[in-house]
There are 2 protein chains.
Amino acid sequence: MAHTLEEIARLSGVSRSTVSRVINGDVRVAAATRERVAAIVEREGYRPNRTAQSLASGRSNVLGVVIPMAADGVLADPYFSRLLHGIAREADGRDQFVMLSLAEAGFIHRIDEVARRGMVDGVVFSGSHASDPFADRLVESGTIFVNVGRSDNPQVSYVDNDNVSSARQATAHLLRLGRRRVATITGPLFATVSQDRLTGYREALEQFGVRYDEELVFESDFTEAGGRVGMRRLLEHRPDAVFAASDRMAAGALNELRAALVAVPDDVALVGFDDIPLAQQMEPPLTTVRQNAEQLGAAAVALLLDLIDNPSESGRRIILPSELVVRSSCGAGLG
Amino acid sequence: MAHTLEEIARLSGVSRSTVSRVINGDVRVAAATRERVAAIVEREGYRPNRTAQSLASGRSNVLGVVIPMAADGVLADPYFSRLLHGIAREADGRDQFVMLSLAEAGFIHRIDEVARRGMVDGVVFSGSHASDPFADRLVESGTIFVNVGRSDNPQVSYVDNDNVSSARQATAHLLRLGRRRVATITGPLFATVSQDRLTGYREALEQFGVRYDEELVFESDFTEAGGRVGMRRLLEHRPDAVFAASDRMAAGALNELRAALVAVPDDVALVGFDDIPLAQQMEPPLTTVRQNAEQLGAAAVALLLDLIDNPSESGRRIILPSELVVRSSCGAGLG
DNA sequence: TTGTACGCGTTATCAC
DNA sequence: GTGATAACGCGTACAA
């Protein structure tokens with residue numbers, strides 16, 4: 001088992017350079033030579049040392065992926081699983097490796113580590129804050145990266161779902177069905193997704209000439225427990241519909257409604273966001289917005305690679321469309 | 001912003017070697033020198049180039065993690081999320097990086113890539129087969145790795161849950177409550193977990209002097225849909241209890257039982273395996289075996305690092321205990 | 001305690 | 001087409 005270029009070169013009676021050329025598919029090499037060397041590479045099962053390649057070429061073909069684990073068990077959220085899956089799959093398809101960092105609280109040092117020159121060519125950062133110190137740190141350190149989720153920093157490139165328009169559409173759907181006291185359970189408002197979905201909600205209200213009522217807005221945390229608590233409080237203000245900014249919160253809300261003996265959708269219509277697997281198994285099945293997290297991850301990788309090849313560009317944005325999936329929790333017939 | 005050892009050396013008026021020593025905490029360096037150099041390193045925000053370090057030292061501090069994506073959306077299974085979380089967290093705590101490879105079908109080449117010298121110091125492989133070609137490939141290539149899940153290959157080191165004894169305990173629990181026609185829905189039997197849980201089931205039967213009846217065994221695939229199908233078939237043979245080898249299958253079975261108007265646990269008692277979040281929200285709450293996937297991941301990393309430091313050792317095994325969580329689907333009072 | 005010099009395995013720039 | 005040879009940035013005997 002030969003281990004270095006040098007050995008392969010010796011075995012095939014050529015120089016290191018030629019072997020290197022064969023390995024890298026350089027055209028300027030005689031067909032006969034190429035074949036002979038290739039055969040020996042094959043026979044010996046030789047693989048170039050990645051680290052040495054990286055050092056010499058200045059490129060590692062490794063993409064860093066940083067996912068802040070704000071709450072415990074964030075990975076339990078199907079969104080992140082899918083996002084990660086999309087990232088991994090796209091990276092794989094483009095012959096890139098993925099270096100994963102599930103950053104716990106106080107992980108600033110990990111960012112520095114990941115951004116360390118040589119390790120990775122770029123970073124996909126799943127940052128949820130409009131203005132994130134870590135994102136700032138990344139641009140400051142000159143690391144090429146793309147944010148998954150909107151960012152206020154004009155320098156940062158990002159991919160995101162069209163949260164505003166999707167939320168507007170979801171809320172409008174409720175209004176169109178005649179509901180007028182439409183409440184909403186939002187995610188944590190420091191997160192751009194939460195802000196954007198709230199914005200969409202307000203836009204729909206305005207569009208239908210319905211007054212925005214703060215009492216019908218409850219800020220929660222995307223979890224089922226949070227949705228349940230939110231619903232309990234909202235119930236005091238007699239809503240006839242609820243737009244939950246995540247399916248998990250919608251599930252919690254549904255549990256609370258059931259416990260309070262409120263009929264869904266008859267008394268209160270419900271719409272979620274995400275279209276997690278559970279959504280269609282809920283009773284009644286949940287009307288929700290399908291966002292394709294895998295696609296988002298793939299898009300992030302594609303954009304990142306583009307940025308790596310064209311470092312001059314910055315502040316690029318890619319917005320992916322979502323789709324309203326009408327089931328029965330909203331009180332509309334299927335269709 | 002200084003970028004190389006050389007520059008820092010020049011800036012602080014010493015040689016590269018000395019700076020290197022300071023960086024690596026070598027004791028043989030004068031306190032005064034150390035301080036001076038450290039200050040400059042700090043001021044310049046210098047970080048050693050990881051790639052160069054790896055090449056020179058022969059160690060990358062990167063751990064490969066390979067998870068075969070047999071079925072689509074494997075990551076959706078909470079087990080893998082938790083496993084991955086445990087791995088990432090432990091690796092982080094030990095200053096290791098994680099290189100993730102979500103290997104799709106036909107991913108043999110990826111294994112080779114990951115095992116490529118220089119990239120990673122070792123690999124955590126989540127292989128489910130008793131005898132896995134990929135695992136064989138890894139040992140063949142001399143890659144240091146640990147398998148998550150039992151392996152028949154005496155060379156491979158692995159960490160695993162105590163599936164046999166847990167399954168025995170779960171089944172025995174049913175038998176102890178007086179059930180005699182205890183059926184089981186197994187996972188795919190090429191997987192060691194499935195085999196082991198089936199073995200535990202048989203052991204419990206034997207222990208209670210109950211004949212093993214093939215008609216009461218249905219091989220499925222760990223998914224909810226699979227559990228549902230399995231339950232439908234088993235129903236033909238009038239079981240009074242079911243041990244499902246995964247909570248997701250238990251959920252499917254429960255749905256089927258409900259559809260068939262069979263009372264749980266009165267007519268048919270049910271026990272699952274995994275203790276996924278859904279388990280305690282099922283109606284009735286599911287009695288199940290709690291396996292700590294995070295701990296499994298952490299143990300895998302710990303073992304791997306141990307192996308990296310002591311490459312001579314091989315075939316080490318670590319078995320983690322599980323715990324029966326009694327809720328009400330089995331027909332026992334809480335306790 | 002500090003510095004010199006060589007090696008890690010490639011890539012890339014030259015000549016030939 | 002092919003082959004020396006100089007980087008790439010760092011670790012580490014060995015010498016001083």
Side-chain angles (χ1 to χ4, degrees), chain A residues 1-38 40-41 44-62 95 97 113 115-121 142, chain B residues 1-38 40-41 44-62 97 112-113 115-121 142:
Chain A
M1 189 129 110
H3 280 183
T4 75
L5 260 192
E6 193 71 61
E7 292 180 67
I8 299 295
R10 191 166 45 69
L11 256 37
S12 33
V14 295
S15 74
R16 277 213 309 271
S17 316
T18 302
V19 179
S20 176
R21 291 193 185 99
V22 172
I23 296 282
N24 297 311
D26 193 315
V27 282
R28 304 165 309 183
V29 49
T33 315
R34 158 179 292 101
E35 248 177 71
R36 186 156 43 85
V37 174
I40 297 198
V41 165
E44 300 291 324
Y46 165 78
R47 304 276 161 184
N49 181 311
R50 279 272 178 186
T51 304
Q53 282 185 315
S54 299
L55 185 58
S57 70
R59 177 139 181 191
S60 65
N61 291 314
V62 175
D95 278 309
F97 291 91
E113 284 297 316
R116 209 138 139 174
R117 287 153 305 104
M119 274 225 105
V120 301
D121 296 332
Chain B
M1 188 129 112
H3 281 184
T4 75
L5 260 193
E6 191 71 47
E7 292 181 67
I8 299 296
R10 189 167 44 70
L11 255 39
S12 33
V14 296
S15 75
R16 279 213 309 272
S17 319
T18 302
V19 179
S20 174
R21 291 192 185 99
V22 172
I23 297 282
N24 297 312
D26 194 315
V27 282
R28 305 165 307 180
V29 49
T33 315
R34 159 183 288 95
E35 250 176 71
R36 187 155 43 85
V37 174
I40 297 198
V41 165
E44 300 292 324
Y46 166 78
R47 303 277 162 185
N49 181 310
R50 280 273 179 185
T51 304
Q53 283 186 315
S54 299
L55 186 58
S57 70
R59 178 143 180 188
S60 65
N61 292 313
V62 175
F97 291 90
D112 287 343
E113 284 297 315
R116 208 139 139 177
R117 287 153 302 101
M119 274 227 104
V120 300
D121 296 332

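Just so we're on the same page: letters track the sequence lines, and every chain starts at 1.
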Problem - Shortest non-hydrogen contact from Thr51(B) toward Leu55(A) - result: CG2-N, 3.6 Å
Handout entry: Euclidean distance, Arg10(B) CZ relative to Ser15(B) OG, rounded to 0.5 Å
Key = 14.0 Å
Practice task
For Ser54(A), report the nucleic acid contact type (base, sugar-phosphate, nothing); a contact means any heavy atom under 4.0 Å.
Solution key: nothing
Handout entry: Value rounded to 0.5 Å, distance of CG in Leu11(B) from CD in Glu6(B)
Key = 11.5 Å
Problem - Axis bend over the full length of the helix from dT1(C)-dA16(D) to dC16(C)-dG1(D), computed from five pairs that close each end, to 10 degrees - result: 40°
Handout entry: side-chain N/O Ser15(B) vs dT2(C) OP1/OP2, d < 4.0 Å
Key = no
Practice task
With rounding to the nearest 0.5 Å, note down the distance linking CZ in Arg59(B) to CD in Gln53(B).
Solution key: 12.5 Å
Fill in the blank from the handout: So OH of Tyr46(A) and CG of Leu5(A): to nearest 0.5 Å the spacing works out to 3.5 Å
Fill in the blank from the handout: Output for pair (Ile23(A) CD1, Arg16(A) CZ), nearest 0.5 Å, gives 13.5 Å
Problem - Separation of atom CE in Met119(B) from atom C1' in dG9(C), rounded to whole Å - result: 14 Å
Handout entry: Where protein sits on nucleotides 5-12 of chain D, one letter per nucleotide: B base, S sugar-phosphate only, - none, heavy atoms under 4.0 Å
Key = BB-BBBBB
Exercise for the section: Give, for atom OG of Ser20(B) and atom CG of Asp26(B), the distance between the pair rounded to the nearest 0.5 Å. Expected result: 8.0 Å
Exercise for the section: Using a 4.5 Å cut-off on heavy atoms from C-beta on, say whether the side chain of Met119(B) contacts that of Val62(A). Expected result: yes
Exercise for the section: Quickly work out the Arg10(B) CZ to dG3(C) C1' distance and round it to whole Å. Expected result: 17 Å
